[in-house]
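Data block below; observations after.
The sequence lines fix the lettering, A, B, ..., with proteins before strands; numbering per chain opens at 1.
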2 protein chains.
Amino acid sequence: MSTKNKILDAAESLFADKGFNGTSLREITSLAEVNLAAVNYHFGSKKELIKAVMSRYMNELSPNLQASLLVICQQENKPTLNEVFSAFIDPLLSLNVFRENGTSNFLQLLGRGYTDSQGFLRWFLTTQYPEVITNFVTAVQRAYPELSAEDIFWRLHFTMGTVIFTMSSSDALMDIAKSDFEQQVDIADVIRKVIPFVASGVGAPLR
Amino acid sequence: MSTKNKILDAAESLFADKGFNGTSLREITSLAEVNLAAVNYHFGSKKELIKAVMSRYMNELSPNLQASLLVICQQENKPTLNEVFSAFIDPLLSLNVFRENGTSNFLQLLGRGYTDSQGFLRWFLTTQYPEVITNFVTAVQRAYPELSAEDIFWRLHFTMGTVIFTMSSSDALMDIAKSDFEQQVDIADVIRKVIPFVASGVGAPLR
DNA sequence: GTCTATAACTAGATAGAC
DNA sequence: GTCTATCTAGTTATAGAC
């Protein structure tokens, strides 16, 4: 395995766990068992390393998600909101095949991107991968045409909040569920629990 | 105004904006216009300062929220979920009287506590202020008795995620709403928008 | 490409004068 | 209680030998 990939793998799990600010290049290179200077040789800076970690996932997820949403948008019958949100399940879970713990790592990283580092990652994602958002909005509009553009805007942000926050504390939540309820849950279970919640929230009656 | 309070005020707004990890004691003391050494003199350490900032809000909010939830729990008729969640509105908004931007600062800090600093703040809040959670769970159980304890646990965390995430990016969201939809919204409006969303999410049908 | 060594800087914390 | 000065340890980043 190349040095570059060893760094990406180590950075990914440390970033997901401790945030971007909370992780030093020294921790990354020592977990990756490569030299400290290698990060700057291969990526130029810590900021570029963060982008590279996220891009590796987005390039894997984005086409799958596009395809999945396209099916929803092009089907004859009007989709339900549950169907729209369920379109995320397979693309997200396929990240687990792509990389060990891929789904939860990716979603945690996404959460970090919105809270760490004053939104530079949010800017990066929305400018580099805008189609994902556009397609999603279209799908929601088909499912619930009475929702105004403003309401879609607000409720989609509520949805992102629910998912991102849940995923960024998913390890802790799964631990609590295990100790308090003897409930053994994995990331797929969490996704299946959160979808009815957000679908119902987005579909809430208007005033 | 005392040095101690100047530090608390400065720390609060910097922490809310840039996170606990992202804010240095030097930034805090220079915004507060006090000496660097004053933090360690008055609070002992940065960690203790974080606790002090949160405690100031929790001690204000907690009794108001308790009273508000008690009314819901003791009323004759079974409450709706909308009523339960609406019990949060006044106590949260009263933080704006207590401190400038109190509502949004507090909710942003709460969000930071779940993602920064590996959950030490979550531990602090749940052990120091357990009644808040207990009363809330009781109210939800009255409104929706079919929900199991596990489901309540998960859905309440989804709710926290929605609210906390929304509030921690509320400034950005209100700006976008203004420029894209000519919609002038304030923090109270955002709260009124989010409540039907979470009430409907918590009330989603079981499988 | 990979290493050592180190520059240049920032962090939290503290000793001791006033 | 408040200050300056400083310590120790951490950070990112880079220069230059191999």
Side-chain angles (χ1 to χ4, degrees), chain A residues 1-56 108-109 112-113 115-124, chain B residues 1-56 108-109 112-113 115-124:
Chain A
M1 190 192 260
S2 72
T3 298
K4 208 166 168 172
N5 277 318
K6 281 198 274 188
I7 294 173
L8 283 172
D9 291 354
E12 170 188 319
S13 64
L14 289 170
F15 284 155
D17 195 37
K18 308 155 59 118
F20 302 118
N21 289 337
T23 305
S24 70
L25 295 185
R26 278 178 166 76
E27 290 175 285
I28 293 168
T29 51
S30 85
L31 179 62
E33 297 181 301
V34 302
N35 190 271
L36 171 61
V39 170
N40 279 288
Y41 176 79
H42 286 285
F43 298 94
S45 72
K46 185 179 178 176
K47 218 165 189 169
E48 289 301 315
L49 172 60
I50 295 174
K51 287 191 198 172
V53 168
M54 291 309 291
S55 291
R56 194 164 62 149
Q108 290 187 35
L109 290 168
R112 300 293 184 180
T115 49
D116 283 14
S117 65
Q118 251 98 47
F120 109 85
L121 197 57
R122 171 170 26 189
W123 167 86
F124 171 70
Chain B
M1 188 193 265
S2 72
T3 299
K4 210 166 166 171
N5 278 319
K6 281 198 274 187
I7 293 173
L8 283 172
D9 291 354
E12 169 187 319
S13 64
L14 288 170
F15 284 154
D17 196 36
K18 308 155 59 115
F20 303 117
N21 289 337
T23 305
S24 69
L25 295 184
R26 282 174 170 80
E27 289 175 284
I28 294 168
T29 51
S30 85
L31 178 63
E33 296 179 303
V34 302
N35 189 271
L36 170 61
V39 170
N40 279 287
Y41 177 79
H42 286 285
F43 298 93
S45 72
K46 185 179 178 178
K47 217 163 189 171
E48 289 300 316
L49 172 60
I50 296 174
K51 287 191 198 172
V53 168
M54 291 308 291
S55 291
R56 195 165 59 151
Q108 286 180 254
L109 291 168
R112 299 293 186 181
T115 51
D116 282 16
S117 64
Q118 253 97 48
F120 109 85
L121 195 57
R122 170 170 22 189
W123 167 86
F124 172 69

Please report, rounded to the nearest Å, how far the [atom2] atom of [N] is from the [atom1] atom of [X].
| X | N | atom1 | atom2 | value |
| --- | --- | --- | --- | --- |
| B/Ile7 | C/dG12 | CD1 | P | 13 Å |
| A/Asn40 | C/dA8 | CG | P | 16 Å |
| A/His42 | C/dT2 | NE2 | C1' | 8 Å |
| A/Leu49 | D/dT11 | CG | C1' | 15 Å |
| B/Lys18 | C/dT10 | NZ | C1' | 13 Å |

What heavy-atom pair brings A/Ala11 and A/Val53 nearest, and what distance separates the two atoms? CB-CG2, 4.1 Å

Shortest non-hydrogen contact from A/Phe43 toward A/Glu48: O-CB, 3.1 Å

If each of A/Ser24 and A/Asn35 is mapped to the nucleotide of DNA chain D with the nearest heavy atom, which maps nearer the 5' terminus, i.e. the 5' end? A/Ser24

Specify the residue among A/Thr23 and B/Arg26 whose closest nucleotide of DNA chain D lies further upstream toward the 5′ end. B/Arg26

CD1-CG distance between B/Ile50 and B/Asn21, expressed to the nearest 0.5 angstrom: 7.5 Å

So, the side chain of B/Glu12 versus the backbone of B/Asp9: is there a donor-acceptor pair under 3.5 Å, distance only? no

Checking all strands, does B/Ala38 fall into the base, sugar-phosphate, or nothing category for heavy-atom contacts under 4.0 angstrom? nothing

Compare the minimum distances between each of [options] and the side chain of [X], then state the nucleotide with the smallest one.
| X | options | answer |
| --- | --- | --- |
| B/Ser45 | C/dA13, D/dT2, C/dG1 | C/dA13 |
| A/Ala37 | C/dA13, D/dT14, D/dA13 | D/dT14 |
| A/Leu36 | D/dA13, C/dA13, D/dT2 | D/dA13 |

Does B/Thr3 put a side-chain nitrogen or oxygen below 4.0 Å from OP1 or OP2 of D/dG1? no

